[in-house]
Amino acid sequence: MKRVLFQGLVTITLFFAILFVLNQIDWMRILNVKHVSNTIDEKLGELYWDLFKESGEDIENITIKSALDSILTEICNSNFIDKSKIKLHILESNEVNAFALPDGHIVIYSGLILASESEAEFSGVLCHEIAHIELDHVMKKLVKEVGLSTLLSMTTGGNSGEILNETAKILSSSAYDRKLEREADAEAVKYLIKSEIDPEAFAMFLFRLRNSDLNSKLKELEWINTHPNIDERVKNIIKQRGENTVSYKSVLSDNTWAHVKEILKSF
Amino acid sequence: MIITKKFVYEPGEHEAEKASNSYLMSLIALIAALPLPIINLLATLFFYIGNRKGSFFVRWHCTQALLSQFSMLLINSVGFWWTISIIFTEEVLSSKFIAYIITVLLFNFTEFAATIYTAINTRKGVHVEWWFYGNLTNLICKN
C-alpha cells in the first residue's frame with residue numbers, strides 16, 4: 001500500500017513539475033500567437049469599418065475632429081492608454097449610438113454627440129467604449145457569438161458577406177452581456193476620475209436618455225435601448241464615484257462644445 | 001516505469017489474446033473518438049465488465065488498462081473543456097493553456113507507447129506491470 005501511495009505521489013508530482021516548468025515559457029511569443037491574433041484583429045477592424053462607413057457620412061471636419069481628439073488624448077494620457085491604437089470615427093446619423101469594433105475602432109454617431117449636453121457626458125460614453133477595447137470585450141463577444149472559426153474564415157475572405165453584415169449588427173445594436181457591461185462601466189469611471197472628468201455626468205447622461213426613451217420611445221436612442229438595466233448602472237456609477245474630493249475639470253470649454261454641436265447640426 | 005514479471009501461472013493462448021485486447025480497446029477508442037476522453041474510459045470499462053469473470057490473467061490486465069484510463073480521463077477532460085471554453089466562450093488562448101496541452105500530450109504519448117508495448121507483450125503471454133498502476137492492480141485484483 002505504501003509503495004502504491006509513493007508511486008502515485010511521484011506520478012502526480014512529476015505531472016505538476018513538468019507543468020510548472022512548461023509554464024515558465026512564454027509560448028504565446030515563441031509561437032507568435034499574439035502576432036497572429038493582432039493580424040486577425042486588424043483585418044476584422046478594417047472589414048467592419050469599411051462596412052459602417054458606407055452607412056453614413058464619415059465626418060472629417062477639422063474643428064470637430066480636433067475637439068474630440070483633445071478629449072481622447074486627455075483620457076489616454078491620464079490612463080496610460082496607447083492612443084495610437086484607438087481609431088475614433090464620427091459618422092453622420094440621427095441614431096444616439098456609439099460602439100467599439102475590433103482593432104481599436106470606435107464609431108460615434110453624430111446623434112450621440114448632439115444628445116450630450118456637455119463634453120463630460122460624451123467623455124463618459126467614450127470611456128465606456130475605450131474600456132470595451134482595453135478589456136478585449138469586442139473579440140470576446142464576436143468569438144462568443146459566431147465562433148473563432150467563422151471569424152478566421154471572414155479574415156481569409158471565405159463566406160464573409162452575410163456573416164459580416166450579421167455580426168456588424170451584433171456589434172452596433174446589441175449590448176454585451178451584463179457582466180461585461182458592468183466591467184466596462186467600472187473601468188470607464190476609473191478612466192474618468194483619473195482624467196479629472198466628473199463621472200456623474202456619465203450617469204446623468206444615461207439617466208436623462210433613459211427618461212426621454214420612456215417618454216418618446218424614440219428608435220434613434222439605440223445606445224440606451226441596447227444597454228438595459230440603466231437604473232442599476234446609474235446607481236453603480238454614482239456609488240463608484242462616491243464622495244470624491246477631486247476637483248473636476250473640463251477638457252473643452254462650454255463654448256467649444258456648443259460650437260462642435262452647431263457644426264454637427266449642419267450636416 | 002514498466003517491468004515484466006513472471007505471472008503466478010503460465011497464461012494460455014486464449015487468455016493472452018483477451019488480456020492484450022484490453023489494451024487494444026483503449027487504442028481503438030482513442031482513434032475512433034479522439035476528442036472525447038470519456039470514450040476511452042467507457043471502452044475499457046465495458047471490456048472490463050465483460051471479462052470480470054474471466055481468468056485471473058485477463059482480469060488483472062483489464063483492471064490495469066481500466067485504472068490507467070481513469071487518470072488519463074482526468075487530465076484529458078481538463079484539456080478538453082479548456083479548449084472548448086477557448087473556442088466557444090470568453091476564455092482566451094494563453095501560455096498557461098499551451099503549457100498544459102503540451103504536458104497532457106507528453107503523458108498521453110507515454111501512455112500510448114506503454115499501451116502498445118504492453119499489448120504486444122501480453123499477447124505473447126508476458127506479464128507486464130506498469131509503474132503505480134501495476135501495484136494498484138495487485139491491491140485490487142486478487143486471485
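Just so we're on the same page: letters track the sequence lines, and every chain starts at 1. Keep in mind it's a predicted model, so treat the numbers as computed, not measured.
If you take CG on B:Asn138 and CZ on A:Arg3, they are separated by 10.0 Å, rounding to the nearest 0.5 Å. Distance check, rounded to the nearest 0.5 Å: OG1 of B:Thr103 to CD1 of A:Ile18 gives 6.5 Å. Rounded to the nearest 0.5 Å, atoms CG (A:Leu9) and CZ (B:Phe132) are 10.0 Å apart. Taking CG from B:Leu74 and CD1 from A:Ile12, the interatomic distance works out to 9.5 Å, rounded to the nearest 0.5 Å.
Residue A:Leu19 touches chain B through both its backbone and its side chain, counting heavy-atom pairs closer than 4.5 Å. For B:Phe107, the part lying near chain A is the side chain, with the backbone staying farther off; criterion is any non-hydrogen pair under 4.5 Å. With a 4.5 angstrom heavy-atom cutoff, B:Ser71 does not touch chain A via any of its atoms. The contact between B:Leu139 and chain A is made entirely by side chain atoms (from C-beta outward), counting heavy-atom distances below 4.5 Å. With a 4.5 Å cut-off on non-hydrogen atoms, A:Phe15 touches chain B through its backbone and its side chain both.
With hydrogens and angles ignored, the 3.5 Å screen pairs a side-chain donor or acceptor of B:Ser95 with a backbone N or O of A:Trp27.
More than 12 heavy atoms of other residues, nucleotides or ligands lie within 6.0 Å of NZ in A:Lys87, so this atom counts as buried by the packing criterion. Other residues, nucleotides and ligands contribute at most 12 non-hydrogen atoms within 6.0 Å of the OH atom of B:Tyr48. By the 6.0 Å contact criterion, NZ on A:Lys53 is enclosed, its count of non-hydrogen atoms from other residues, nucleotides or ligands being greater than 12.
Considering every non-hydrogen atom in both B:Leu93 and A:Met28, the closest pair reads O-CE, 3.2 Å.
Taking A:Asp26, A:Leu5, A:Thr11 one by one and counting their heavy-atom pairs under 4.5 Å with chain B, the maximum is reached by A:Thr11.
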Task: Chi angles and distances behind the side-chain contact (heavy atoms from CB on, under 4.5 Å) call for A:Val10, B:Trp131 - done: CA-CA 10 Å; A:Val10 170; B:Trp131 166 271; 3.7 Å; yes

